There are 4 protein chains.
Amino acid sequence: MGGTMDGTKQRRRGNTRQRIQDVALELFAEQGYEKTSLREIAERLEVTKAALYYHFKTKEEIIVSLFEDLTKPIEELIDWGRQQPHTLETKQEIVRRYSEALAGASPLFRFMQENQATVRELSIGETFKDRMLGMRDIIIDPDADLVDQVRCISALFTMHAGMFVMKDLEGDPEEKRKAILEVATDLITQAHKGA
Amino acid sequence: MGGTMDGTKQRRRGNTRQRIQDVALELFAEQGYEKTSLREIAERLEVTKAALYYHFKTKEEIIVSLFEDLTKPIEELIDWGRQQPHTLETKQEIVRRYSEALAGASPLFRFMQENQATVRELSIGETFKDRMLGMRDIIIDPDADLVDQVRCISALFTMHAGMFVMKDLEGDPEEKRKAILEVATDLITQAHKGA
Amino acid sequence: MGGTMDGTKQRRRGNTRQRIQDVALELFAEQGYEKTSLREIAERLEVTKAALYYHFKTKEEIIVSLFEDLTKPIEELIDWGRQQPHTLETKQEIVRRYSEALAGASPLFRFMQENQATVRELSIGETFKDRMLGMRDIIIDPDADLVDQVRCISALFTMHAGMFVMKDLEGDPEEKRKAILEVATDLITQAHKGA
Amino acid sequence: MGGTMDGTKQRRRGNTRQRIQDVALELFAEQGYEKTSLREIAERLEVTKAALYYHFKTKEEIIVSLFEDLTKPIEELIDWGRQQPHTLETKQEIVRRYSEALAGASPLFRFMQENQATVRELSIGETFKDRMLGMRDIIIDPDADLVDQVRCISALFTMHAGMFVMKDLEGDPEEKRKAILEVATDLITQAHKGA
DNA sequence: AATGAATGAGAATTCATTCAT
DNA sequence: AATGAATGAATTCTCATTCAT
């Protein structure tokens, strides 16, 4: 009592929810959603499984909360993008910002990328799909020819997957991101000109 | 066909192994590996779970067998590619053939794409990764600058993901494949010239 | 009503215990004792589970308290009955009063009636049984023949169950009660004459 | 090995399903449905919980199967009753047969009687209620006055509850049943004359 | 070539209860 | 008078796997 009171146990107060999210995301990204059990999450946090249920009604709610919390910048980006004229500059700006947004929530996106089959069955599945289609509609000109449409999709995909695939390539992460962004921007630009 | 009984059941004789693979791949691709239970597979085939174990020692062996059976053309392609000179023409040829090979086993690749987290933990994980690296080494010039390396990776990824992502886009599948191939070839070509 | 705040919440002050009993009885009668969780009761009252524990030491104590509060008239009736001579008039009087007492605590008796298996394991089980036997001993003449004993038991049971079974029969509740009472009185009377 | 092979374990073959039903009914009747866990049933049978699931898809299916198996005679009785003219003789005959049918499945009916709240929520709830209403419609004349309708309901209820309530009364069970039947028949007869 | 019966391990979830504040 | 956070024990149910026949 009194004194420094840094006690591990005391510290925990009030941030358990956050800690659950952190550990869960780490494990989900590492092993996948189904292979990660609530027992595992609880053990790592040194709480009981029931404690998880105090903070989240179901296992799914954990991933949903992560998705909602970490995905907000992208949602806003899409909303913003929709209201802009579909000029080349806008598209480039969107791609640039998207790249940044992805980098800011990269474990979540790694998870989404690597557990698509699972995500599809979850309630976030629809939301995620809608968002992807939202991006697509901003960037793709529906009258463009098929090849240019593919270029745009390829640009998006390059950004999604790039980071994880290149994990084993040597080099500074930020530099890699820039390189990925450059390729994506290139693709978008080519597609725009083609139209 | 003549005779008293064309019996669906009689017909099945001897090809159960194949039928298990077909159904399993279908379900794995649709719902994911972990969400697909052997009970489900067995029920769809109207056999017992134990019957599956006559043909495959474990659940994992089913997916491994699919991987091995359907992936042979790609293995051969890589082996062939390794022995060729790394000219632009070779690279383009490889990309062309790779696109075809993927199309020939598209449910499997959809599965691999959408269940990466799972696949990584499976014994095929390593093999798959090796193969991807094999492709990369044939196509990427290690002295090329980062952006060109990304182009190559992007080309591969575009082929992997393109088909599934474009499922909801209108248009003939073969035409789409051609468009995807064109974008991939473009990327490879640009990367080659850059070096 | 007048003033700035008639506040539902303010009103509640001091009668939480009562409110818990009300809601609990409602839910116990509706869904049964085990199927009703404290969470459910708490949610309906818009308090926390812990609040319930301020007023009752255990879940069982809630049902015990209901039993004790609502069952007092019957206890008194039995005590009174024991001291009367076992004449037909007394018996009829008891049956009449019993019918009234039951009507006054009908949700509790519905609960007791529909959750006998549960009640038996609870601490009220014995008390309840004792009380039933008390009623029986006042009404049944131990020397009467078996058929007349059954008549008496039937009379009691008719009153217990009648109300709930007849819920879906058309007609005014008070009239139904009167009809039930008449049948019960008849049975008692027949049994008395038989002896 | 070889020899008489009466081995407890060998015996079990092929009748596990039946044994599960037996033990389950015993425990359900004794402690109630919710208080009886599958663990308990499994332990008493010296099998694992999973074995229960081989034979029954859910806990509910166990009680449903018991209900369906043991309740058939009553179903047939009702069907027969519906086709008869509603004479006094028929009604008496039905009551007589009903009493026998109940005696033949008395643990199940004890369970139904003592776990009504639970049964109501189960899928058998509706079926059970329908059956009760079926009996009522055969026996009750809808034009009879309320008191006579109560007499009929009382007759049915006397038979349902009688056995269990009288468990602690001295006397031969078969004699008790006869006494109960006599009271029930009396009630029906009075009701019929009243109309 | 396949089945019927079973197991052991583990999953998600729920519950009554506790306690410091 | 009541809350927020947590626990421990239990529950139903599912799964991959085994094995004698």
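So you know, we letter chains A, B, ... as the sequences are listed, proteins then strands, and number each from 1. Since the structure is predicted, the reported quantities are computational estimates derived from the model, not experimental observations.
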Between the base of F:dT17 and the side chain of B:K49, is there a donor-acceptor distance below 3.5 Å?
yes

Starting from the 5' end of DNA chain E, give me the residue, C:K35 or C:K57, whose nearest nucleotide shows up first.
C:K35

What is the separation between atom CZ on C:F56 and atom C1' on E:dT18, rounded to the nearest whole Å?
18 Å

Between C1' of F:dA16 and CD of B:E40, the distance in whole Å
14 Å

Round to a whole Å and report the spacing from OH of C:Y53 to C1' of F:dA6.
14 Å

Check: A:E60 side chain, A:S123 main-chain N or O, donor-acceptor pair, under 3.5 Å:
yes

What is the pairing partner of F:dA9, taking Watson-Crick or G-U wobble pairs with both distances under 3.5 Å in any strand?
E:dT14

Would the distance check show the side chain of D:R44 and the main-chain N or O of D:A24 forming a donor-acceptor pair, the cut-off being under 3.5 Å?
no

Across all strands shown, which nucleotide pairs with F:dA1 by Watson-Crick or G-U wobble geometry, both distances under 3.5 Å?
none

Can you check the A:I20 CD1 to F:dA6 P distance for me, whole Å?
8 Å

Would you say F:dT11 has OP1 or OP2 under 4.0 Å from some side-chain N or O of D:R39?
yes

When you measure from the side-chain N and O atoms of A:S37 to the phosphate of E:dG10, is any distance below 4.0 Å, counting only OP1 and OP2?
no

Interatomic distance, D:E61 CD vs F:dC13 P [rounded to whole Å]
10 Å

What is the pairing partner of E:dT7, taking Watson-Crick or G-U wobble pairs with both distances under 3.5 Å in any strand?
F:dA16

Phosphate contact (F:dG4 OP1 or OP2) by A:H55 side-chain N/O below 4.0 Å
no

On DNA chain E, check which nucleotide each of D:A50 and B:A50 is closest to and give me the residue with the more 5' one.
B:A50

Short side-chain N/O contact from A:T16 to OP1 or OP2 of F:dA6, under 4.0 Å
yes

Does D:Y33 have C:K35 sitting over its ring (NZ/CZ under 6.0 Å from centre, angle to axis within 45°)?
no

Give a yes/no on whether any side-chain N or O of A:Y54 is located under 4.0 angstrom from OP1 or OP2 of F:dA5.
yes

For D:K59 and for C:V47, find the nucleotide of DNA chain F with the closest heavy atom, then tell me which residue's nucleotide is more 5'.
C:V47

Do B:T71 and B:T127 come close enough that some side-chain heavy atom pair is under 4.5 Å?
no

Nearest-angstrom distance from the residue atom CD of A:E46 to P of F:dA6
13 Å

Can you measure B:L38 atom CG to F:dT17 atom P for me and round it to whole angstrom units?
7 Å

To the nearest Å, how far apart are B:L45 CG and E:dA2 C1'?
13 Å

Donor-acceptor contact below 3.5 Å, side chain D:E114 vs main chain D:F111:
no

